[in-house]
**Student:** 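Sharing a structure with you now.
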Amino acid sequence: MRGLLRANHLTQRELAESVGMSEQAMSNKLRGLKNFTLRDVSRMASDLDVSLDYLTGRSDCPKPLEVK
């Protein structure tokens, strides 16, 4: 996650604000003390410009594959 934040020039606070939660709530979720909702993960993927699969560790490809 730190790498994604750096690559997008975002702080944890800025990501939390864009997702619609407090910095403390984001911190708790990133440390595994609380669970992310699907809405949280979807907004984070959008803000970080990566696919949901990449964000959740299901893919090594940051962008979704295009179907032609």
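Values reported hereafter were calculated over all heavy atoms of this structure, with side chains retained and with hydrogens, waters and symmetry mates removed.
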**Student:** Under the rule for side-chain hydrogen bond (donor to acceptor under 3.5 Å, both in side chains), what residues qualify as partners of Glu23, not counting sequence neighbours?
**Tutor:** Arg13
**Student:** Counting C-beta onward and ignoring hydrogens, is there a side-chain heavy-atom pair between Leu10 and Leu4 closer than 4.5 Å?
**Tutor:** no
**Student:** Who passes side-chain hydrogen bond (donor to acceptor under 3.5 Å, both in side chains) against Thr37, sequence neighbours left out?
**Tutor:** Asp40
**Student:** Nearest 0.5 Å, what's the CE-NZ distance between Met21 and Lys34?
**Tutor:** 12.0 Å
**Student:** With no hydrogens and no angle check, is any side-chain donor or acceptor of Glu17 less than 3.5 Å from a backbone partner on Glu14?
**Tutor:** no
**Student:** Check the pair Thr11 / Leu5 against side chain to side chain contact (heavy atoms under 4.5 Å, CB included), numbers first and verdict last.
**Tutor:** CA-CA 6 Å; Thr11 64; Leu5 289 172; over 6 Å; no
**Student:** List in chain and number order the residues that pass salt bridge (Lys or Arg N to Asp or Glu O under 4.0 Å) with Arg58, two or more places apart in sequence or in another chain; answer none if no residue qualifies.
**Tutor:** Asp53
**Student:** Could you pull out all residues at least two apart from Arg31 that satisfy side-chain hydrogen bond (donor to acceptor under 3.5 Å, both in side chains)?
**Tutor:** Ser27, Asn28
**Student:** Give the minimum heavy-atom separation between Cys61 and Ser51, together with the two atoms involved.
**Tutor:** O-OG, 3.8 Å
**Student:** Can you name the closest pair of heavy atoms from Asn8 and Leu48 and give their distance?
**Tutor:** ND2-O, 3.3 Å
**Student:** How about Asp49 and Lys63: do any of their side-chain heavy atoms sit closer than 4.5 Å?
**Tutor:** yes
**Student:** Please find the pair of heavy atoms, one from Ala16 and one from Ser22, that lie closest to each other, and give the distance.
**Tutor:** CB-O, 3.6 Å
**Student:** Check whether any side-chain heavy atom of Arg43 sits under 4.5 Å from a side-chain heavy atom of Phe36, and report yes or no.
**Tutor:** no
**Student:** For Ser18, enumerate each residue passing the side-chain hydrogen bond (donor to acceptor under 3.5 Å, both in side chains) test, keeping only those at least two apart in sequence or located in another chain.
**Tutor:** Asp47
**Student:** Do you know which two heavy atoms are closest between Asp60 and Tyr54, and how far apart they sit?
**Tutor:** O-CE1, 3.6 Å
**Student:** As an exercise, state the distance from CE of Met44 to CG of Leu52, rounded to the nearest 0.5 Å.
**Tutor:** 10.0 Å
**Student:** Taking ILVMFWY side chains as joined if any heavy atoms are under 4.5 angstrom apart, and letting links pass through other members, which residues group with Leu33?
**Tutor:** none
**Student:** Nearest 0.5 angstrom please: Met1 CE to Arg6 CZ, how far?
**Tutor:** 12.5 Å
